[in-house]
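What you are looking at is a predicted structure, and each value in this text was computed from that prediction instead of being measured. Lettering follows sequence order; numbering is per chain, from 1.
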Amino acid sequence: MRILGLSAFYHDSAAALIEDGRVVAAAQEERFSRKKHDAGFPRHAIAYCLEEAGVSLGDVDHVAFYDKPFLKFERLLETYLAFAPRGFRSFSMAIPVWLKEKLFQKQHLKDELKAWAADYDWSNRLLFAEHHQSHAASAFFPSPFEEAVVLTMDGVGEWATTSVGVGRGSTLEMIKEIHFPHSLGLLYSAFTYYTGFKVNSGEYKVMGLAPYGEPTYAQTILDHLIDLKPDGSFRLNLDYFNYCTGLTMTNRRFDDLFGGPPRKAEDRLTQREMDLAASIQAVIEEAVLRMTRALAAETGAKNLCLAGGVALNCVANGKVLRDGAFDALWVQPAAGDAGGALGAALSAYHGFHGRPRQLNGALDAMAGSYLGPTYAQPDIERRLSEAGAQFRVVDDDALIAETADALVEGKAVGWFQGRMEFGPRALGARSILGDPRSPTMQKVLNLKVKYRESFRPFAPSVLREDVADWFELDGDSPYMLLVADVCHERRREMTASEQALFGIDKLNVPRSEVPAVTHVDYSARIQTVHRETNPRYHALLSAFKAKTGCPLLVNTSFNVRGEPIVCTPEDAFRCFMGTEIEVLAVGNCILRKEDQDENLRRDYKDAFELD
Amino acid sequence: MSFLAELWRFMRVRKKFWLVPILIMMVLFGGLIVMTKGSAIAPFIYTVF
């Protein structure tokens, strides 16, 4: 049985195809359309999934959509009704969109899918799963657990903003929910907005900014904005928010509470924004920890699965794991809405059809999240030649050796290998790599390669077998969704004068043997690399270790600020020619910047709208 | 027609028939906005809407 899962029309459109419960392919539309967070119908992603499986849409048994439009519309109407006459402006903008398009999503889906199968019989074949059911299914069914508690948290789906399910074998039962407008995701987004970042994409920046600040506003948030109960359930005080009725997240009372208006997007970051980020991060961590402790006590379960946008908060995830309420934690790598496509398909297979689930020993069913397109070597060579690239073709051993040498020399290396990752993190298939021991690597990558804010930290990839020697973590973190501290013996304590430095200046102080991946609080967002799921990347890390004694590399996504991660060899070549990346390895092709035609260089810095 | 049938079934299952008069008012009102504006613009807080 084949099921195609779709998420679309809000943000991060995606498609995922499963075959007898096995994930065959999954990809986000933005990678093909080159529009970050593309919300359009995922026609390219669908085409890719069908091509990967070698089938047509007529061979697919069901198409499953990741949320229920009528339920969402019901929430919308009841929210406007509850706040009327306030919210007229928002209403006057939202309702026409719904009346023109969103209310007719089923027909819209049918019309779009007709492009692939004009005579397809849609009666009973188009299925809809609830938003949080999709998230929960994406968290439990691919996990390595026979039984687990499933916690999903995000901004909002239809009504639910937080939900709890219990998974056993091939069943997943949702047992409780917290409803809109009370939402941890929207609370975090309110601070994302207030600190001057873009809602829905800037949340990472708030999380990255938090270690520079002190949680001086945490008590204010707990006293005024959120009524947080001992079991982690909560209610927001809507007097301070504007998202139910207005076009902003926060209102004037919020400004008064925190002593000023929201920061403007490109204004300088001050200690106040850092303290605000630290405060909301502390509150979210407290809420999540209270919830997970209560769920462990209530259910007696040993395993926890997480999904939903809040589950991308890897700092909170790390604290949940270290807290020990659950023995094991698994987070869906595409925890945001893109993963809903996979969840909807799995929900249809195991839930609607009641088909059994096959566990894969200790391994999960995501195959390292390498579920996207790959390119055969002759195809890579043809594409690069047509793009005007100068390259050499080398064998596997030479590829690893030359790349490792370039990294040891301190070069920024583009690494494009195998199937593209599904989810927001680059995991060694579409990555830019660097030497983590270099004290200048972070600055170089931020300012000359990624063109992004200087305060933002980079994450390490580390050989799974060596992770405990470098970090206070002795488990798997294959999807870069756990944060743990650098081991004490690898650290270098900062002096008082160094502590007083700000932003990039503080980052420039070497804090450990691997300064490029050590955040100012000695934490690191870790990806463990496994031979079973990515043998080539594992070999590269092993070669780097053999040369340097260090089994780590800086791993950042292969893109610039505001650009979706590269998908094709041509995308990789364009990004290579527009940035200060010095060496590019695409399959078995090696490209060096000095060999390239100068005329192909382009101004890449301003090619994408800032995120 | 199938859309209206589905909407009817949805309201029956959800026990939300009290939304019908509001829905009609909003359809009329929203229709007016659509006609006067010509195009619909999505609000920027798309997490919510």
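Heavy-atom neighbours of chain A within the stretch residues 12-21 of chain B, taken at a separation under 4.5 angstrom, comprise B:Arg14, B:Lys16, B:Trp18, B:Leu19.
In this structure, the side chains of B:Phe10 and A:Glu74 come closer than 4.5 Å at one or more pairs of heavy atoms. Residues B:Phe3 and A:Gln107 have side chains not in contact (no heavy-atom distance under 4.5 Å, counting atoms from C-beta outward).
No other option in A:Asp154, A:Leu77, A:Asp337 has as many heavy-atom pairs under 4.5 Å with chain B as A:Leu77. Most heavy-atom pairs under 4.5 Å with chain B, from the set A:Arg89, A:Lys106, A:Lys68, A:Glu78: that is A:Glu78.
Heavy-atom contacts from other residues, nucleotides or ligands closer than 6.0 Å to NZ of A:Lys35 number 12 or fewer.
A salt bridge (Lys or Arg N to Asp or Glu O under 4.0 Å) check over residues 237-250 of chain A, counting only residues at least two apart or in different chains, returns the pairs A:Asp239-A:Arg253.
In this structure, chain B has heavy atoms under 4.5 Å from both the backbone and the side chain of A:Leu103.
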